[in-house]
Number of protein chains: 2
Amino acid sequence: MTRWLTTDEQETWRALLDLNRYLAEGTDRQLQRDAGMPIAYYAILVTLSEAPDRQMRMSALAEAVDGSQSRLSHAVSRLEDRGWVKRRRCDSDGRGWYAVLTDAGFAALTAAAPAHVGYVREMVFDTLTEEEQHTLRSAARRIVAGMRAAEPA
Amino acid sequence: MTRWLTTDEQETWRALLDLNRYLAEGTDRQLQRDAGMPIAYYAILVTLSEAPDRQMRMSALAEAVDGSQSRLSHAVSRLEDRGWVKRRRCDSDGRGWYAVLTDAGFAALTAAAPAHVGYVREMVFDTLTEEEQHTLRSAARRIVAGMRAAEPA
DNA sequence: GGGTGGTGCTTGAAAGTTCAAATATTCGCC
DNA sequence: GGCGAATATTTGAACTTTCAAGCACCACCC
């Protein structure tokens, strides 16, 4: 019944899991060390910094950044504690909230970015040919699209 | 100073982060739903099941499965609570311990595997050409090798 | 205009992870 | 043969994530 993986596929799967793990842990450790924030916070700051007026509805931010409302809500609470983000009520819909990047938050992002980008460049892009990079990208996108279609959460 | 990412590279990086996230969350959710265990536990059971006598030193298991001794120690404690793994002292080195897969643990693994493999096959391998798969694998391995070299923790 | 259901977001508790410090045992050395 | 350094593993506290309620507000409908 079950269509098991071939040895070949198993090795690819293992390589992908390893990539996953190293990427996640390496970038997280780097940011924690150099900027004192986990990568989840960094992603929030980046996303907000690119948004118009540096603000976004909580739900849109959750979608852009990780997909879980609850996780985002907790994270924004802690970013508020640090003074990097503020919440602001939405005028047109009383249920909604905006997360707004503060100047301090923007400054923290500006301080963190160079080391982070340097790390990513060194670890990922310096070791890939351009062709590999593009293959990787299209394969990754196709897999993600399939998973989104399967679980439209 | 900082060698920023090109737009092209930024898009690849975003795609990789998304892949990372969806793969981790999707597989975790699937296993949690179908087998009541997080993927970290599954990886431990798989690794033990492939080891001689279905047992391994804690440190070797940590290296094979995730890299953190402490995380493994906590995880094995919970697997012991479920009766899926047992600890056994190492005769030749009193500091060392073996993690041993129990029959119940093997049974849990056997029950969980088909749905998990089916999910992986459907989400990942059914959408990749053989060439993409191989490109992905070698790129992933090269990146991981570079990261291991940089941080030999 | 007051239920009824749905949407946007938060909260609290449980589970998992991380980091640093603690414990226990071996090894080398004098 | 006993002292100090190194190794294998665990522990506890702090933090993050997840899951399942919960609260607040909108919108529809009679």
Side-chain angles (χ1 to χ4, degrees), chain A residues 20-22 24-33 35-44 55-82 85-100 151-153, chain B residues 20-22 24-33 35-44 55-82 84-100 151 153:
Chain A
N20 228 20
R21 167 155 73 87
Y22 273 84
E25 289 182 8
T27 51
D28 210 58
R29 204 181 302 277
Q30 177 273 317
L31 271 169
Q32 195 77 57
R33 174 166 37 81
M37 67 177 100
I39 195 166
Y41 292 7
Y42 183 83
I44 291 172
Q55 61 180 350
M56 269 198 206
R57 285 289 288 269
M58 291 296 285
S59 48
L61 186 53
E63 171 62 24
V65 134
D66 65 359
S68 151
Q69 294 256 48
S70 147
R71 169 163 49 180
L72 178 68
S73 181
H74 286 298
V76 166
S77 297
R78 263 154 254 136
L79 288 170
E80 267 191 310
D81 295 344
R82 300 192 183 195
V85 169
K86 288 177 69 170
R87 276 182 239 245
R88 202 168 60 70
R89 255 204 132 78
C90 174
D91 294 330
S92 58
D93 185 339
R95 295 165 300 180
W97 289 84
Y98 286 98
V100 189
E151 247 176 305
Chain B
N20 228 20
R21 166 155 75 87
Y22 273 85
E25 288 181 8
T27 50
D28 211 58
R29 205 182 300 276
Q30 177 274 316
L31 270 168
Q32 196 76 56
R33 174 166 37 81
M37 66 176 101
I39 194 165
Y41 292 8
Y42 183 83
I44 291 172
Q55 60 180 352
M56 270 198 204
R57 284 289 288 270
M58 290 296 285
S59 48
L61 186 53
E63 170 62 24
V65 134
D66 65 0
S68 151
Q69 295 257 49
S70 148
R71 169 163 49 181
L72 178 68
S73 181
H74 286 297
V76 166
S77 297
R78 269 160 245 133
L79 288 170
E80 265 189 310
D81 294 343
R82 300 191 183 194
W84 289 349
V85 168
K86 287 178 68 169
R87 276 183 238 247
R88 203 168 60 70
R89 256 204 131 78
C90 174
D91 293 331
S92 58
D93 185 337
R95 294 165 300 181
W97 290 82
Y98 286 98
V100 189
E151 248 177 307

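Order of the sequence lines sets the chain letters (A, B, ...), proteins ahead of strands, with each chain counted from 1. No hydrogens, no waters, no symmetry mates; every other heavy atom, side chains included, goes into these values.
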**Asked** How many angstroms lie between CD in Gln69(B) and CD in Glu63(B), if you round to the nearest 0.5 Å?
**Response** 9.5 Å
**Request:** Could you grab the distance from atom CZ of Arg89(A) to atom CG of Asp91(A), nearest 0.5 Å is fine?
**Result:** 10.0 Å
**Message:** Between Leu79(B) and Ile44(B), is the side-chain contact (heavy atoms from CB on, under 4.5 Å) condition met? List the steps.
**Reply:** CA-CA 9 Å; Leu79(B) 288 170; Ile44(B) 291 172; 3.7 Å; yes
**Fill in**
Whether each nucleotide of nucleotides 18-24 of chain D has a protein heavy atom under 4.0 Å at its base (B), only at its sugar-phosphate (S) or at neither (-) is summarised, 5' to 3', as BB-----
**Request:** Could you tell me whether the side chain of Asp28(A) and the main chain of Pro38(A) form a donor-acceptor pair under 3.5 Å?
**Result:**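 Not a single qualifying donor-acceptor pair exists.
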**Asked** What residues form a side chain to side chain contact (heavy atoms under 4.5 Å, CB included) with Arg57(B), not counting sequence neighbours?
**Response** Ser59(B), Ala60(B), Cys90(B), Asp93(B), Tyr98(B)
**Item:** Residues forming a side chain to side chain contact (heavy atoms under 4.5 Å, CB included) with Ser77(B), sequence neighbours excluded
**Value:**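 Per chain and number, Ser77(B) pairs via side chain to side chain contact (heavy atoms under 4.5 Å, CB included) with Arg87(B).
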Reckon [X] touches a base, only the sugar-phosphate, or nothing at all at heavy-atom distances under 4.0 Å?
{"X": "Ala40(A)", "result": "sugar-phosphate"}
{"X": "Tyr41(A)", "result": "sugar-phosphate"}
{"X": "Arg87(A)", "result": "sugar-phosphate"}

From [atom1] of [X] over to [atom2] of [N], roughly how many Å is that when rounded to an integer?
{"X": "Asp81(A)", "N": "dA14(D)", "atom1": "CG", "atom2": "C1'", "value": "14 Å"}
{"X": "Glu80(B)", "N": "dT9(D)", "atom1": "CD", "atom2": "P", "value": "14 Å"}
{"X": "Asp91(B)", "N": "dA8(D)", "atom1": "CG", "atom2": "C1'", "value": "15 Å"}

**Request:** Note the angle between the end axes of the helix from dG1(C)-dC30(D) to dC30(C)-dG1(D), five pairs defining each, rounded to 10 degrees.
**Result:**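 Inter-axis angle at the termini of the helix from dG1(C)-dC30(D) to dC30(C)-dG1(D): 0°.
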**Item:** Pair Gln30(A)-Arg33(A), side-chain contact (heavy atoms from CB on, under 4.5 Å): steps then yes or no
**Value:** CA-CA 5 Å; Gln30(A) 177 273 317; Arg33(A) 174 166 37 81; 4.0 Å; yes
**Item:** Upstream residue (5' side of DNA chain D) when Ser92(A) and Arg78(A) are each assigned their closest nucleotide
**Value:**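 Taking each residue's closest nucleotide, the earlier one in sequence belongs to Arg78(A).
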**Prompt:** Considering residues at least two apart in sequence or located in another chain, which fulfil the ring pair (Phe, Tyr, Trp, His ring centres under 6.0 Å) criterion with Tyr42(A)?
**Reply:**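 For Tyr42(A), the residues satisfying ring pair (Phe, Tyr, Trp, His ring centres under 6.0 Å) (neighbours in sequence not counted) are His116(A).
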**Request:** Report yes if a side-chain nitrogen or oxygen of Arg57(B) is closer than 4.0 Å to either non-bridging phosphate oxygen (OP1 or OP2) of dA8(D); otherwise report no.
**Result:** no
**Request:** Taking heavy atoms of chain A and a 4.0 Å limit, find me the 5'-most and 3'-most nucleotide of DNA chain C within that range.
**Result:** dG6(C) to dC19(C)
**Request:** Could you pick out which residue, Trp97(A) or Pro38(B), lies toward the 5' side of DNA chain C when each is mapped onto its nearest nucleotide?
**Result:** Trp97(A)
